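For reference, the structure is listed below as structure tokens.
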2 protein chains.
Amino acid sequence: MLPLSQTTGYALRAMRCLQEPGGQPVLVESVADYTGIPRSYLSKLVHKLAKKGLVTARRGHHGGVVLAKPSAEITLEDLSEAIDGVAWRKRCLMGLAGCTEETPCVLHDYWKQTLQEILVRLRSVTLADMARHQDPGVERFRADHGFLTTVDAERDHAHA
Amino acid sequence: MLPLSQTTGYALRAMRCLQEPGGQPVLVESVADYTGIPRSYLSKLVHKLAKKGLVTARRGHHGGVVLAKPSAEITLEDLSEAIDGVAWRKRCLMGLAGCTEETPCVLHDYWKQTLQEILVRLRSVTLADMARHQDPGVERFRADHGFLTTVDAERDHAHA
DNA sequence: ATCAATGAGGATCCGTCGGTAATCTAACGA
DNA sequence: TCGTTAGATTACCGACGGATCCTCATTGAT
């Protein structure tokens, strides 16, 4: 009933557990354990993200999943689009089929503007930005897997 | 995937076909024919609206449905709440279970504000205001059933 | 070559929402 | 009273998102 599906939230949390491109692959199983996302479901989700070019997955020994692009270059919009598509952006707030630019419903212009604001926001927030959210499962995962802390990452970023 | 369900849109269009309190009852069948809303589905919807005190339905000869309150006193929020409930207002934009005031997700504050704006809007728009939407079925219905035009209604309102 | 690790993929289940059809029942008129 | 006209109620169907289980296919290590 809202712009982002639960699955997009899953994708977000899962990708926060992955290493930057070139880093060490992480197991789907492991991510599932820490985040509480169902394993099988996550597996398919990862596959979907791989097809969209957001992650790279390798099977077999020492396989796993890695980000396909730097986390700072992956926006929420990328995730939303990969998983939920873009159809919802065009739908009338009230589902009125006859609502168009010519014959708008009462909320048409208002909703158009709100949608625009939501999109701007989705575009401006990157995976790296998401560090501010204290997701218990994700934080535990990152601590246990030797991720840089947010502060470290910012310092590194300043050096570059 | 959006704040208002399709059914709420149905309710809106259907109620635009009803007379003010005390007016002549309108048949569910008739509303269905004009709006294209499935008859059986509309029947259940009307019953739901009746239980919520938004319309009054009477069975048998010369039965039908009438608004229970003046259209100017029925807000979109009333409809939304009657049909979709209020649960969606509390859900995190990304469905993150751990997203609270203490541990907010990146979009938490932004979404909170957006929700607030949406609610203000839903509260400020009444059924009477919806006249501006040129819904073909509804317009035809109102013309065929001797409703006052929007202009007439406004003139009457000015007299009162 | 073989085996274990690991993602991929198919089949299926569940709950919700939108939708359909048949039947029940209240209200009124003749 | 009886029949017609309405809405009310029940049961059920299909699609979709989320989720589970089980098996397949690929990879790397030995």
Side-chain angles (χ1 to χ4, degrees), chain A residues 1-14 17-18 24-33 35-52 54-66 68 80 82-85 87-88 91 94-97, chain B residues 1-14 17-18 24-33 35-52 54-66 68 80 82-85 87-88 91 94-97:
Chain A
M1 215 155 177
L2 293 175
L4 300 188
S5 69
Q6 180 173 342
T7 305
T8 298
Y10 282 172
L12 181 59
R13 291 163 65 204
C17 296
L18 304 183
Q24 188 177 7
V26 163
L27 303 189
V28 166
E29 168 103 22
S30 183
V31 173
D33 286 349
T35 59
I37 302 170
R39 253 167 296 153
S40 278
Y41 194 62
L42 179 57
S43 173
K44 279 177 225 178
L45 175 51
V46 162
H47 184 54
K48 205 169 190 174
L49 294 172
K51 280 194 296 187
K52 298 287 183 173
L54 294 175
V55 304
T56 304
R58 239 194 12 253
R59 312 200 245 196
H61 265 180
H62 300 109
V65 191
V66 196
S80 166
I83 295 162
D84 296 332
W88 61 273
R91 189 177 162 270
M94 289 173 290
L96 300 177
Chain B
M1 215 153 173
L2 294 175
L4 301 188
S5 69
Q6 179 173 342
T7 305
T8 298
Y10 282 172
L12 180 60
R13 291 164 66 205
C17 297
L18 304 184
Q24 189 177 6
V26 163
L27 302 189
V28 166
E29 169 104 20
S30 182
V31 172
D33 286 348
T35 59
I37 302 169
R39 252 164 281 149
S40 278
Y41 194 60
L42 180 55
S43 175
K44 280 185 275 195
L45 175 52
V46 161
H47 182 57
K48 204 168 189 174
L49 294 172
K51 279 193 299 186
K52 298 288 183 173
L54 295 175
V55 304
T56 304
R58 241 197 4 257
R59 314 200 246 196
H61 266 181
H62 300 110
V65 191
V66 196
S80 166
I83 294 160
D84 296 331
W88 61 273
R91 190 177 163 270
M94 289 174 289
L96 299 177

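Since the structure is predicted, the reported quantities are computational estimates derived from the model, not experimental observations. Labels below follow one simple rule: chain letters A, B, ... track the order of the sequence lines, proteins then strands, and each chain is numbered from 1.
Between A/Val66 and A/Val26, the closest side-chain pair of non-hydrogen atoms is not below 4.5 Å. The shortest distance between side-chain heavy atoms of A/Gln6 and B/Arg91 falls below 4.5 Å. Using a 4.5 Å cut-off on side-chain heavy atoms (C-beta onward), A/Pro25 and A/His62 make no contact. In this structure, A/Val55 and A/Val65 have side chains that are in contact, with non-hydrogen atoms separated by less than 4.5 Å.
Put simply, chain A comes within 4.0 Å of DNA chain D, heavy atom to any atom, from D/dG18 to D/dA29, going 5' to 3'.
Panel note: side chain A/Asp84, backbone A/Leu4; no donor-acceptor pair is recorded below 3.5 Å.
Rounded to 10°, the angle separating the first-five-pair axis and the last-five-pair axis of the helix from C/dA1-D/dT30 to C/dA30-D/dT1 equals 20°.
Contact between A/Leu45 and A/Tyr10 at its shortest, heavy atoms only, is CD2-CB, 3.7 Å. Heavy atoms only, all atoms of each residue included: B/Leu27 and B/Gly64 are closest at CD2-CA, 4.3 Å. Across all their heavy atoms, A/Ala14 and A/Leu42 have their closest contact at CB-CD1, 3.8 Å. Of all the heavy atoms in B/Ala11 and B/Ile83, the pair that sits closest is CB-CD1, 3.3 Å.
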- request: Would you give a per-nucleotide map of nucleotides 6-15 of chain C, 5' to 3', where B means the base has a protein non-hydrogen atom under 4.0 Å away, S means only the sugar-phosphate does, and - means neither?
  value: BBBSBB----

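The side chain to side chain donor-acceptor pair (under 3.5 Å) pairs that include a residue from residues 35-46 of chain B are B/Thr7-B/Tyr41, where partners are two or more places apart or lie in different chains.
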